[in-house]
Amino acid sequence: MATISKKKSFSLKVLSRNPEDYRRETKLDIHKAPQNPETYLHPFTLGREYQRALNATKLERVFAKPFLCGLDGHRDTIQALAKFPTRLAHVLSAASDGEVRLWDLSTKKCVSSVAAHDGLVHSLCAHRSGQFFLSTGQDANIKFWSCSEEGRIGSEPVRTILNKNVYQGIDHHEKEDIFVTCGQSLDVWAGDRSQPYQSYKWGLDSMHYVKFNRIETHLIAVAADDRSVMLYDTRGGSGVQKLVMRMKTNSLCWNPMQAYMFTAACDDFNLYTYDIRNLRIASNKYEDHIGAVMDVDYAPTGKEFVTAGYDRCIRIFNVADGHSRDVYTTKRMQRVNHILWSMDNKYILSGSDEMNVRLWKARASEKLGVIKPREKTAFNTMETLKKTFKDHPEIKRIARHRHLPKLIYTQKKQIREQKDAQKKKESNRRFHSKPGTVPFVADRTKQVVDIKE
Amino acid sequence: MSTTGNPSNMANYKTTINMETYDGEATEDIAVDEVAHEKLLNSLFAMDGKKRVMNSVRGISSQSGNLDLFVHSKHDKGKIKPQDLKLKARNSSSSLKKPMSSMETDQIKRLIARETMKTEMTMWEPIVQEIRAAPQMIFSNQPHGVEMRNVSRPMGFMPRTSLEKELFSALGRNEEVLNPNKELTNAEEKALKVMSVKDAMAKREELMKHQELLSRVQIKAKRVKKIKSKRYRKILRKEKEGAQRKELEKLQQTDPEAFVERFEQLNKNRMEERLTLKHRGGGKFARLHKVYSKFDDTTKEAMQEMLQRSRELTKKTENDSNSEDEEEVQVVSEKNAIVLSSIDSEDESGKKKTYHRNSQLETLNTVNRKAGGWLDGSKSTSVYADKQLGSQVSQFVDHGEKAVVSQAVLSSRAREKLKNQKSKTDYSTAHDVPEVEEINSEKGPETKRKFDLCDMEITGDEVTGSDIKKEGQKQHRKKKRVTDENIDEDIGAQNLKETKKKAVKELSAEIPFEPKAYEEETNERHDSLIVTMEELFQDEDVVEQFAIEKSTAEAKVGLKFKDSSLPGWGSWSGADFKGEKPLTKKQRRAKTNQFEKSEQKIKQPHVWLNPKRDDSVRKFQPKTVPFPYSSLQQYEASLRQPVSRDFVRETAFKLLTKPEVITKLGHVIKPIGKEDVFKRKISRQDFSMKSGTQKV
């Protein structure tokens with residue numbers, strides 16, 4: 001007798017598929033999935049892509065493990081870090097006890113070390129050829145060190161220049177055999193001469209940081225102790241321009257892709273990017289640090305830079321944004337004094353007070369090593385999706401979420417409140433006074449005290 | 001160092017520059033104006049009160065040295081010309097100019113340096129803008145990893161050892177060995193040379209023939225493969241099967257082991273066939289046979305047999321899987337029994353109930369009118385359907401077979417539902433059941449109507465379609481007598497009647513006898529389940545209920561207007577009080593319009609639109625239009641463009657998911673090179689090539 005009763009309005013759907021539809025017959029058999037991209041056939045595209053973006057964001061946070069290793073071996077605080085223009089794996093670091101070490105990043109080991117100076121080493125830089133590096137120290141010497149392909153530092157310096165004054169900063173020219181030192185004066189040295197062929201002085205205060213422009217190679221930017229940043233041209237006999245800011249500039253870095261842009265790491269917790277043609281207004285201001293910014297280094301792509309903070313964290317900024325895109329901390333990392341972005345745009349090195357050089361990934365969740373084409377396309381898709389949906393609150397929240405040390409978390413909140421209060425006060429004042437008496441002043445101009453010409 | 005930023009100082013610099021650079025020209029100017037200058041000097045001395053000491057020697061100026069210089073400077077002409085001897089004033093300042101201070105010179109130098117820097121840097125402007133705007137940057141000298149290099153071919157192999165030499169000589173002499181630089185071996189080449197034209201032609205012809213034959217076979221195979229005729233396929237299959245059978249017989253004699261194997265395979269096939277439940281009667285063949293079965297008894301039997309078999313096949317699985325259902329069924333069946341026993345008693349109170357139902361129907365009609373007639377949409381037979389229900393119940397009572405049980409479940413459930421609402425369905429069922437039972441006492445499983453029809457068939461072919469119709473109508477009249485006695489000719493009843501008639505007509509047009517084609521039975525049962533809205537809602541005031549529900553929902557959502565103004569607040573008075581500006585006409589209209597719109601949305605009489613419906617979604621939507629977009633439309637459009645591989649074509653996918661930065665693993669990224677950039681810039685202008693990507 002009939003056992004199944006059929007009712008037309010009722011249908012039971014059971015998930016059962018023919019295995020032939022989805023199973024490959026052999027391992028090498030690739031089914032070309034039939035595909036029709038007509039929009040009306042995919043009514044849930046937006047929802048599905050949103051979900052994918054959400055998942056990608058979550059996965060990004062899951063895989064965000066930026067810390068790679070700590071390079072320990074120094075017996076005093078790190079005073080300087082330097083990268084070679086020609087080598088990827090080798091990095092130099094100098095400590096307060098006068099020791100310089102050369103690290104191999106591929107093996108994560110110290111290749112060689114040398115006691116370079118009596119007292120602390122102030123600054124390091126590599127020669128443009130990559131065969132030498134230069135160091136200045138508290139003993140007022142400038143020393144040339146040879147460095148083999150394998151990373152062996154010569155036991156004795158190739159050349160030593162004895163000076164009367166201590167030089168605090170040193171940098172080498174990008175193309176020619178010229179290097180520049182700063183201290184009581186800014187000296188430009190060339191070739192084998194034992195005297196600087198050019199010496200600049202502008203004001204009485206000493207200078208502590210110097211950097212060659214890497215594109216327009218004759219330009220030099222110097223940070224001085226009188227809260228100023230000076231620009232010099234090696235072709236002329238005197239400086240170009242002097243910018244005095246409210247607080248001291250600790251360090252600065254030229255953008256390697258945009259000839260006239262440089263970023264100054266300032267004591268007022270902020271960084272400022274300037275267009276050297278107009279120093280009266282910063283082209284961008286970067287907030288987020290809750291302590292003085294000690295060092296800054298650009299990514300070789302010129303799109304991002306990394307900063308070292310006195311607040312024991314490393315922050316990565318997009319050049320176009322005003323706030324950091326990422327923050328790196330570890331429990332034991334103390335004040336970060338020096339930072340480097342590797343030449344292949346993949347790694348970041350930080351030197352901090354507690355004698356450690358740390359190696360980080362530049363993008364926290366990036367997969368290292370060789371990536372297969374399929375993986376690559378998948379990553380690209382995910383990146384695009386994340387970018388498309390980045391303004392959706394859920395995705396934004398997940399992408400922004402960081403677990404920060406209590407100090408940073410509370411301090412940041414406090415600073416936020418202070419800023420809000422200031423803003424409020426200003427707006428109130430503006431509201432209650434005669435129109436025009438309290439003008440709007442751009443945030444980017446507030447730090448500029450004077451331009452000397 | 002002092003600040004030197006003020007404009008007056010700036011002006012100073014400029015003048016000094018002029019003084020320095022254009023000194024030579026100035027002397028000439030002065031020479032021209034010498035008379036005026038002399039005059040001026042005299043007047044100045046006169047003011048002072050002292051007399052100017054002038055050289056009185058005639059013809060020679062007081063600054064003779066100057067003249068000498070002037071004269072001797074003209075080397076090209078040895079003579080002194082008369083115009084040279086003209087009196088000439090000495091330069092305005094007698095002493096050397098005071099050198100500028102180091103500060104001033106520094107400032108000037110800086111100014112020059114700044115100007116040059118600005119001009120130089122502005123050259124970078126377009127490049128920097130290009131870099132900033134570039135959607136993709138590739139940091140690689142050789143983006144594709146392709147490099148052209150001269151191939152260094154190794155030297156040819158030279159045999160050195162004795163063994164090698166021996167081998168080489170042996171192989172070198174062999175004609176079958178293929179030389180890497182040649183396509184054919186020596187032997188082949190020789191053979192080619194040896195072959196005459198005639199032979200070659202013959203061979204070629206042969207080859208072509210062979211090719212043609214092959215292609216013919218192929219074409220034929222293709223054609224045969226495409227034949228869709230079932231008959232042809234059947235014949236083919238039969239042939240195949242015959243061949244197989246013959247083979248099998250042969251095998252039985254020759255190779256018993258293989259035979260057993262083959263036999264098992266066949267059995268397995270049969271089992272598979274059975275598993276797939278092929279005997280369901282759904283195929284074309286089966287359906288055709290269904291049609292024929294009314295003319296032919298043997299086919300009828302065959303059909304029955306087939307269906308029986310299918311049922312047998314499916315029965316077991318059903319038993320296994322639905323043990324729960326069975327229990328339920330049993331419970332229900334008990335209930336049904338009770339219902340049946342109470343039928344008689346209900347019969348007595350029939351008239352009372354009819355009256356009650358009438359009144360209910362009227363109220364429902366009024367409700368319907370209120371509701372705008374939307375209840376009119378679905379109406380169908382009720383009486384006819386109820387009869388069926390009754391019959392099914394009787395089936396159950398009579399036989400209690402498992403197969404029927406499931407039907408009974410359905411019907412009884414429906415009945416229960418209806419009964420709960422005290423519908424007329426229940427009532428009429430109660431009346432119809434005994435009647436049906438009278439007729440169907442022997443042949444339970446069939447529905448009453450079907451039974452009637454089959455009865456007619458059995459008695460002979462005298463009864464025509466019209467007769468059947470009449471029969472049906474008679475029955476309806478009977479039912480009408482029972483149900484519609486006290487009803488006025490209202491619309492509902494009219495509809496009922498019409499639909500009843502229709503149903504009967506349809507039935508008479510159907511294939512009359514089909515005892516176990518339960519598919520159609522179920523169709524009918526399905527119809528029976530469609531109950532009029534009147535029946536369903538007869539004793540409920542739907543509209544009122546909805547109004548109540550709506551008001552509660554509104555209260556829950558909190559839509560009611562709350563007057564938050566404090567008493568007296570805002571109604572100021574006094575000497576200085578000017579009063580609020582009255583709204584302009586436009587404003588007032590806008591305000592009222594807005595209010596009305598919002599009210600309308602909410603206060604549609606029979607609709608409840610939940611204003612908080614989207615709240616759960618809103619949480620996941622951006623609150624404002626994000627930065628680069630200026631309007632919501634723009635932003636939405638940007639989201640609407642899918643990028644995943646599943647939704648766009650491959651090329652589009654690749655373009656859409658281009659990474660912003662491409663770097664090469666282990667590749668040092670150098671800063672942008674000045675020479676390269678400007679060179680490239682020029683070359684690009686030459687070829688007028690432009691692309692979105694920026695390669696560095």
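Numbered from 1 within each chain, the chains take letters A, B, ... in sequence-line order.
Neither the backbone nor the side chain of Glu383(A) comes within contact range of chain B; no heavy atom of the residue lies under 4.5 Å from a heavy atom of that chain. For a residue to count as touching a neighbouring chain, one of its non-hydrogen atoms must lie under 4.5 Å from one of that chain's; by this rule Arg397(A) does not touch chain B. Residue contact with chain A, scored on non-hydrogen atoms closer than 4.5 Å, involves the side chain of Val661(B) exclusively. Using a 4.5 Å cut-off between heavy atoms, Tyr298(A) makes no contact with chain B at all. Proximity to chain A involves both the backbone and the side chain of Met121(B), based on heavy atoms less than 4.5 angstrom apart. The contact between Lys346(A) and chain B is made entirely by side chain atoms (from C-beta outward), counting heavy-atom distances below 4.5 Å. Contact annotation for Lys376(A): neither backbone nor side-chain heavy atoms come within less than 4.5 Å of a heavy atom of chain B. In this structure, no portion of Thr624(B) lies under 4.5 Å from any heavy atom of chain A. Heavy atoms closer than 4.5 Å to chain B are found in the side chain of Met261(A), but not in its backbone. Looking at Val319(A), there are no atoms closer than 4.5 Å to chain B (heavy atoms on both sides), in backbone or side chain. Of the atoms belonging to Leu219(A), it is side-chain heavy atoms, and not backbone ones, that fall under 4.5 Å from chain B. With a 4.5 angstrom heavy-atom cutoff, His392(A) touches chain B via backbone and side-chain atoms both.
With 3.5 Å as the limit, one finds no donor-acceptor pair spanning the side chains of Tyr260(A) and Glu120(B).
The salt bridge (Lys or Arg N to Asp or Glu O under 4.0 Å) search around Asp275(A) returns Arg277(A), not counting sequence neighbours.
Here OG1 of Thr657(B) is found 9.0 Å from CG of Leu385(A). Values are rounded to the nearest 0.5 Å.
Ion pairing between Arg363(A) and Glu660(B) fails under the 4.0 Å rule for side-chain N and carboxylate O.
Put simply, of Thr217(A), Ile215(A), Asn255(A), the one with the most heavy-atom pairs under 4.5 Å next to chain B is Ile215(A).
For the pair Ile131(B)/Lys303(A), no side-chain contact is recorded, criterion being any heavy-atom separation below 4.5 Å from C-beta on.
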